[in-house]
There are 2 protein chains.
Amino acid sequence: MALAKTSTKKRLEIGAELVGDAEIIDGYANILFGVVKLIKGLPDGREQIVGLQFAPDFLGRPFQTESAVSAQAATNVVLCSFPKRTLEALIKQSPQLEHSLLKQALRELDEARDWMLTLGRKNALERVASYLLLIANYIDPALRPQEVIAFDLPMSRLEIADFLGLTIETVSRQLTKLRVDGVIQVRQSRHIVVNNPARLKTFSGG
Amino acid sequence: MALAKTSTKKRLEIGAELVGDAEIIDGYANILFGVVKLIKGLPDGREQIVGLQFAPDFLGRPFQTESAVSAQAATNVVLCSFPKRTLEALIKQSPQLEHSLLKQALRELDEARDWMLTLGRKNALERVASYLLLIANYIDPALRPQEVIAFDLPMSRLEIADFLGLTIETVSRQLTKLRVDGVIQVRQSRHIVVNNPARLKTFSGG
DNA sequence: CGGGTGCTTGAGTTTGCTCAACGGGCGTGG
DNA sequence: CCACGCCCGTTGAGCAAACTCAAGCACCCG
C-alpha cells in the first residue's frame, strides 16, 4: 500500500483503549488482526456497543472527531496506523481514497441500521441468534445453510450483552436454550459449534 | 445550485413510498420540505424506523443500492431529485461533492449510533423524552435549556413507537406521565409544548 | 347521526431484569 | 502439589417494566 512509508504497526492488548492515543484517533488505522469494539455510554454507567470492527476494516474518523464513541480492543489487536496529516494529504491527491472512505462509511451505516432493527424489535433469543450468525458470517462469509461451523467468540458474555442491549444472565440463558434445543454446542463458554446455521437463522427472526 | 438544470422538483403526499420510484432511489434527492422516514422490517411484520431525514438533508444511496431500507414520506414532502447518472457525472468532475457526501454519511452514522444507545439501553420514559428532545432540537437547533418551545410532532404515535422500539400504548403512557409531571403539555395529540427542556433532558437519561 | 381513525386508559400477562447462590478454570502462594 | 481466591459464566426465584388485549373517547367526515 502507498501508505507503507508513513504507517506504523501497533499491537494492542485486549482491553486497551484506543481513545487517548492521539495518533490513532486523529488519524486513521487499518485493522490487521483482531476485533475492535465501539462503545457509547450513559452518565449512569449503562453501555452499548455500537459497532464491531474486524480485520481488515479501517478505523477512525477523518475530518472532525468529537464522535462521542470510544474504541476498545475486544481481542488482542494488530493495526497499522498513520497520522491524520498523512491521511488528509493523501486524500487531496487521490480522490480514489475518499471514495473508498465513503464506501466504508455507507457499509457501516447499513450495519448500524441492521442492528437498530435488532435492538428495537427483536426479543432476547432472536438477538442472541442474530449475534451468533453475525460472528459465524464473519468467520466464514461463504457459509452454507447446512454446513456445520465452529469458532471462538471474540467477546465475553458482558460484551455480548452490551452489544445486544441485554444483561449477561439473559445472554447466558438464551445460549443455554439454543444448546438444549440442539442448535448449537457450547464448549468452554467461548467456543461455539453451530450445528445447523439454517435452523439458527429461524431463531434469529429474519 | 449547479444541479438546477437537471433536477426536478417533486411533491410527495404523506405516506408515499420512495422506493419503487426509480429516479429517486437510483439517484439522489434533496429534501426541501418535510420529513422522510427510513424503515426496516422483519418478515413477520415488525418494523423499525432506522432514520429520519429532515430538510435540508440529502436522500438516497449513491453507488450500489440494495440497502434493504425503504423510505416513506412521514409528512407531505417536497424534494428536488436528480437522476443517478447526473450525480455520478458530477462526482467525477467535482471531488468536493464526494466530500460532502462523505460528511453526510458520517453524520448519519453518528445519529444511527446515538440511537442504538437509546434502543439498547434506555427505558420507555427515557426513549420518549429523547425523542421529544430530538424533534425540539430539529425545530430550534439553538434551543436554550430554559426556553419554552412548542411544535407539532411530524409523526403519528405508531410511527413514534416504530422509531423508539416500543408499542403505541407505551408511547402514549409515557407522554401522559410527562404531561402529568408538568414537563410538557399535549394538545390535539400532535401539538407539544415543552415547558422545561432542561427538565425534559433529565428524563432522557443523558 | 353513524362510522372510522387515532389516541388514551385499564387489567392481566409475559419477558427480561435484579439479586443471590453456585460452579468451574486458572493463577498464586503455601 | 494442593488450597485458596478470583473471575467469569450459569442457574434459580422473585419482581418490575413493557406488551397484549380490550374498552372507551375525541375528532373528522360523510
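By convention in this document, chain letters (A, B, ...) are assigned in the order of the sequence lines, proteins followed by strands, and residues within each chain are numbered from 1.
Rounded to whole angstrom, the span from the CD1 atom of Ile192(B) across to the C1' atom of dT8(C) amounts to 14 Å. Between the CZ atom of Arg190(A) and the P atom of dG25(C) there is a distance of 16 Å, rounded to whole Å. For the pair Ile168(B) CD1 and dA18(D) C1', the computed distance is 14 Å after rounding to whole Å. Glu169(B) has its CD atom 16 Å from the P atom of dG24(D), to the nearest Å. Remark: P of dG24(C) and CZ of Arg157(A) are 16 Å apart, rounded to the nearest angstrom. Taking atom CZ of Arg46(A) as the reference point, atom P of dA17(D) lies 12 Å away to the nearest angstrom. Here dA17(D) presents its C1' atom at 16 Å from CG of Asn123(A), a figure rounded to the nearest Å. For the pair Lys177(B) NZ and dA16(D) C1', the computed distance is 12 Å after rounding to whole Å.
In this structure, Thr176(B) reaches the dT9(C) phosphate: one of its side-chain N or O atoms is under 4.0 Å from OP1 or OP2. Contact annotation: Ser172(B) reaches the phosphate of dT8(C) (side-chain N/O to OP1 or OP2, under 4.0 Å). The side chain of Thr170(A) places an N or O atom within less than 4.0 Å of a non-bridging phosphate oxygen (OP1 or OP2) of dC17(C). For dC17(C), the OP1/OP2 oxygens have a side-chain nitrogen or oxygen of Thr167(A) closer than 4.0 Å.
Comparing Arg121(A) and Arg173(A) by the nucleotide of DNA chain D whose heavy atom lies nearest to each, the residue mapping closer to the 5' end is Arg173(A).
Within the 4.0 angstrom heavy-atom criterion, only backbone atoms of the sugar-phosphate kind lie near Leu166(A); the bases stay farther away. Heavy atoms of Gln188(A) sit nowhere under 4.0 angstrom from any nucleic acid atom. Here Arg179(B) lies in heavy-atom contact (under 4.0 Å) with sugar-phosphate atoms only.
Atom CZ of Arg11(B) has 12 or fewer heavy atoms from other residues, nucleotides or ligands within 6.0 Å.
Between Arg121(B) and Asp162(A) there is a salt bridge, since a side-chain N of the basic residue sits under 4.0 Å from a carboxylate O of the acidic one. With salt bridges taken as basic N to acidic carboxylate O contacts below 4.0 Å, one links Glu108(A) and Arg113(B). Lys40(B) and Asp110(A) are not joined by a salt bridge, as no carboxylate oxygen comes within less than 4.0 angstrom of a charged side-chain nitrogen.
Taking the six-membered ring where the residue is Trp, Phe163(B) and Trp115(B) present parallel rings, their angle staying beneath 30° rather than reaching 60°.
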